[in-house]
Amino acid sequence: MKKFVAMLLALMMIISLAACGNTTPAAPEQPVVDETPVDETPVEEPTTPEEPAEPEGYQGYVSELDAEGNYVRGDDEDIYEGALGNYEALMAAAKEAETNDERFVLEGKAEAYLLDSGVMQPNTTQGGAYTISRVAPRTVPYVQWGNDDDRFFGMVISEDFLTPEERDDLFELWGKAVAGEGEYDPAAYLTEKGHNLLDSYVLTFSTAPVTIDWLNTSSQSDTEITVNTVEGLVQYNNLNQMQPALAESWDISDDGLTYTFHIRQGVKWFTSEGTEYAEVTAHDFEAGFHHMLDTDAGLDWLVDGVIVGVTEYLSGGTFDEVGYKAIDDYTLEVTLVAPTSYFMTMLTYSIFLPICESFYEAHGGVYGREEYQAAFADTNAYTFGKSEDVASQVYCGPFLLQKLQKDSEILVVKNPGYYKADEVTLNSIKWVFDDGSNPTAFYNDVVNGVYAGCGLTAASGLLDLAKEDGNFDKYAYVSETTSTTYFGGLNLNRGTFALESGACASPKTEQQKADTVTALNNQNFRKALQFAWDKQTMNAVSRGEDLAATNLRNMYTHPEFVSLSEDTTDEDGHTFPAGTFFGEIVQYYLEQFGSPIKVADATNGWYNAEAANTALEAAKAELGDLVTFPIYIDVVYLGTSEVNTAQAQAYKQTVEATLGAENVVVNLIEATTTEDFYACGYRAANGEAGNFDMFYGSGWGPDFGDPCTYLDTFAGEGAGYMTKVIGLF
């Protein structure tokens, strides 16, 4: 869940000054867009479709029309096998590795295979933008994974923007604290510098939570709000150190299979108005885990095969078999299938959060997968966690949710009953709805102190405004990049060509639909598209030329996510020295595959016009008469977002210029609302519901400290959460 994230407005408009005092870029200005469709005239369909002859030896999937001349969707499993073949075998081998280092090497080979397949292309990460901010860096939990970096309770905010020099001083103090040389106290530093500190934080949102049941969602747009109202077993502090939270302490058995957590006594659940409801117990953690497995919200795959009995329960067994039990009111015992070195890092992810068992049951909650689905369908009886009713949940964290109006405002206020209330620096956090349509007004609100800060992008006009009024010279800095990776996915088995409302309809004929799917199932054609995508030019639309590459990402896992602790030799005899970063392992295997991809951050590591045209010619030879060129690629963009509109146009221009419009035509299809845009891709329920041929509005942030937190999302047979972004499962 954290971290299925939406790129468009989370990355380009939502002001998120959280973990490092960073923000993501504000919504850019509306570019001039050529509204004339490019050669989208439907071709005449044959009355009786003829089955094309396959080139000799061709093994790829071929999409064929039915007897009535209609496009027919193919079989997900067959298409997955054709595109990602050995990927699961490589990941399975990694999970069987005896050491972390051996696993990292095998996972690196698997990622290289995923990238070389061309089904997806990482494009950007968060940050790397000119920014002005009032938030002191490193004043929320600092960690690359889990949900902790959305917890804002310790944020330090000034009335005035911080200067780059002040930020440098604070980072130096933070570094010393990490090294054990003193404490990190940004409030004291800023006060000494003459800053007045604020006790409220206001930021924006573009897509409202669809639920406040934190165990029934796989979207960060939901949990970004709710994790501020609930606490888990452990939590990272702002020095990247794991600390006890609702588990005061824990024990690990000698065989590494049993974890026993001792739950903090006296912590309470509260209603949205602050009335004490019940005590938090170990039973609430067991109830939360049971409920999470029942909801089928795309979360259970993370613990399937990790915690004893989960696989059996998901296959129809009983919860009695699951190794996640309250031994008594204050003891929780978790039993693993096998020793898992990164298990403790998983606990900061929202799937391990508790729910108040008695409150859940009082609001229609039941246990059992089938029983839950039946209860949830009865909207009159099941009233737990409804986004339109803040009273349908109770809270044990530093804040209480008091308002949630999806097109207006979300508000949390300090929980006076929170067991660490003295550590909470903010009295309230407010999210204000903003669709990005008026960036100048937003910037003025930032300058006037309504919001804590914003990104300064060229396309929005905010960069010029900040230079004109002097704020750029006095306060601008380049924000840090993060471990979240956004990517473009190619739809290998498209099943939707318009939303139910009729919006975002594809202009393609039935034969063009089939031709596109056939072409996208050819690896060389996919590579041609991916190598023709000049994402640096596309990024420059919003960032400007000087920062066009700063947030580019070229591999799925953060390239420095993990490193080898010892020299490690692979099965072919190649030795990676101790200290080798994960990205270096992936780069080595890509080179072994003959791929031109360069995985380092801040480089245009996929764009290669020569490689694109070489791959295109190979694809045309392999496809033969199976398709008719040009191939039409539908890309949905949000018309109310200037940056997304401009980027879509840049994608079209660079791909068609590189490959030739006689070979590929990009159909730009406008979504007029954020709901429609996200429904086409980010919010699509499954692969079949994706209404796109290429969608670059989604991303993933890691949930725990192992590369498989990214890579497992592309597992087959529906186990991987992100396969829906390539049109499967």
Taking atom [atom1] of [X] and atom [atom2] of [Y], what is their separation to the nearest 0.5 Å?
X: Leu492; Y: Asp693; atom1: CG; atom2: CG; result: 10.5 Å
X: Leu90; Y: Glu111; atom1: CG; atom2: CD; result: 12.0 Å
X: Leu499; Y: Glu675; atom1: CG; atom2: CD; result: 11.0 Å
X: Gln530; Y: Ile597; atom1: CD; atom2: CD1; result: 8.5 Å
X: Ile79; Y: Thr723; atom1: CD1; atom2: OG1; result: 12.0 Å
X: Arg543; Y: Gln536; atom1: CZ; atom2: CD; result: 12.0 Å

Exercise for review: Take Asp296 and Gln373 through the test side chain to side chain donor-acceptor pair (under 3.5 Å) and record every step on the way to the result.
Suggested key: CA-CA 9 Å; Asp296 198 25; Gln373 296 300 333; 5.1 Å; no

Practice item. Kindly assign one of parallel, tilted or perpendicular to the pair His291 and Tyr372, based on the angle between their ring planes and the thresholds 30° and 60°. Key: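 Plane angle over 60°, so perpendicular.
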
Shortest non-hydrogen separation from [X] to [Y] and the atoms involved:
X: Arg494; Y: Asn691; answer: NH2-OD1, 2.9 Å
X: Val541; Y: Ala650; answer: CG2-CB, 4.0 Å
X: Trp301; Y: Thr709; answer: CH2-O, 4.4 Å
X: Ala548; Y: Leu552; answer: O-CG, 3.7 Å
X: Asp676; Y: Ala503; answer: OD2-CB, 3.5 Å
X: Ser219; Y: Arg683; answer: OG-NH1, 3.3 Å

Practice item. Please assess Tyr696 against Gln647 for the test side chain to side chain contact (heavy atoms under 4.5 Å, CB included), listing each intermediate value before the final yes or no. Key: CA-CA 10 Å; Tyr696 55 88; Gln647 288 186 323; 4.1 Å; yes

Can you tell me if [X] uses its side chain to pair, donor with acceptor, with the backbone of [Y] under 3.5 Å?
X: Ser542; Y: Ala458; result: no
X: Glu656; Y: Val665; result: no
X: Ser408; Y: Gln405; result: no
X: Glu88; Y: Gly716; result: yes
X: Asp66; Y: Asn70; result: yes
X: Tyr61; Y: Val517; result: no
X: Asp634; Y: Phe692; result: no
X: Glu388; Y: Lys406; result: no
X: Asn521; Y: Gly60; result: no
X: Thr640; Y: Ser437; result: no

Point to revise | Candidate pair Tyr80 and Glu717, rule side chain to side chain donor-acceptor pair (under 3.5 Å), full reasoning | key: CA-CA 8 Å; Tyr80 180 90; Glu717 298 180 354; over 6 Å; no

Between [Y] and [X], is there a side-chain donor-acceptor contact under 3.5 Å, judged purely by atom types and distance?
X: Asp213; Y: Thr211; value: no
X: Lys513; Y: Ser506; value: no
X: Thr217; Y: Asp222; value: yes

Check your understanding: Taking it one step at a time, do Leu215 and Asp294 satisfy side chain to side chain contact (heavy atoms under 4.5 Å, CB included)?
Key -> CA-CA 10 Å; Leu215 296 173; Asp294 290 341; over 6 Å; no

[X] vs [Y] side-chain heavy atoms within contact, under 4.5 Å:
X: Val599; Y: Leu590; value: yes
X: Thr557; Y: Thr485; value: no
X: Tyr710; Y: Met722; value: no
X: Ser221; Y: Tyr682; value: yes
X: Tyr637; Y: Lys652; value: no
X: Val119; Y: Leu490; value: no
X: Trp533; Y: Tyr607; value: no
X: Arg553; Y: Thr484; value: no

Practice item. Kindly state whether the ring of Phe695 and the ring of Phe677 have centres lying under 6.0 angstrom apart. Key: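 Between Phe677 and Phe695, which both carry aromatic rings, the centre distance is below 6.0 Å.
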
Point to revise | Centroid separation Phe205 to Phe433 less than 6.0 Å | key: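 When the ring centroids of Phe205 and Phe433 are compared, they turn out to be within the sub-6.0 Å range.
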
Exercise for review: Would you mind telling me which of Asp75, Asp76, Asp78 makes a side chain to side chain donor-acceptor pair (under 3.5 Å) with Asn493?
Suggested key: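 Among Asp75, Asp76, Asp78, the one that satisfies the side chain to side chain donor-acceptor pair (under 3.5 Å) with Asn493 is Asp76.
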
Review point. Of Asn539, Asp601, Thr482, which is the lone residue that meets side chain to side chain donor-acceptor pair (under 3.5 Å) with Asn551?
Key: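 With Asn551 as partner, Asn539, Asp601, Thr482 yield a single side chain to side chain donor-acceptor pair (under 3.5 Å), made by Asn539.
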
**Study point:** Atom CD of Glu662 with >12 non-hydrogen neighbours under 6.0 angstrom
**Key:**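 Yes, CD of Glu662 has more than 12 neighbouring heavy atoms, counting only those of other groups under 6.0 Å.
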
Check your understanding: Out of Tyr113, Phe729, Tyr556, Tyr721, which residue meets the ring-ring contact (aromatic ring centres under 6.0 Å, His included) rule with Phe714?
Key ->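 Per the ring-ring contact (aromatic ring centres under 6.0 Å, His included) rule, the option paired with Phe714 is Tyr556, out of Tyr113, Phe729, Tyr556, Tyr721.
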
Practice item. Could you check Lys535 against Asn554 for side chain to side chain donor-acceptor pair (under 3.5 Å), going step by step and ending with a plain yes or no? Key: CA-CA 10 Å; Lys535 60 192 178 191; Asn554 297 297; 2.8 Å; yes

Practice item. Output, in order, the C-alpha distance, side-chain angles, deciding distance and verdict of side chain to side chain donor-acceptor pair (under 3.5 Å) for Asp534 and Thr537. Key: CA-CA 6 Å; Asp534 184 355; Thr537 294; 2.6 Å; yes

Practice item. Kindly indicate, with the supporting measurements, whether the criterion side chain to side chain contact (heavy atoms under 4.5 Å, CB included) is fulfilled by Ser206 and Asp435. Key: CA-CA 6 Å; Ser206 62; Asp435 64 1; over 6 Å; no

Practice item. Carefully, step by step, assess Asp116 and Lys527 under the rule side chain to side chain contact (heavy atoms under 4.5 Å, CB included). Key: CA-CA 8 Å; Asp116 189 57; Lys527 288 183 175 181; 3.2 Å; yes

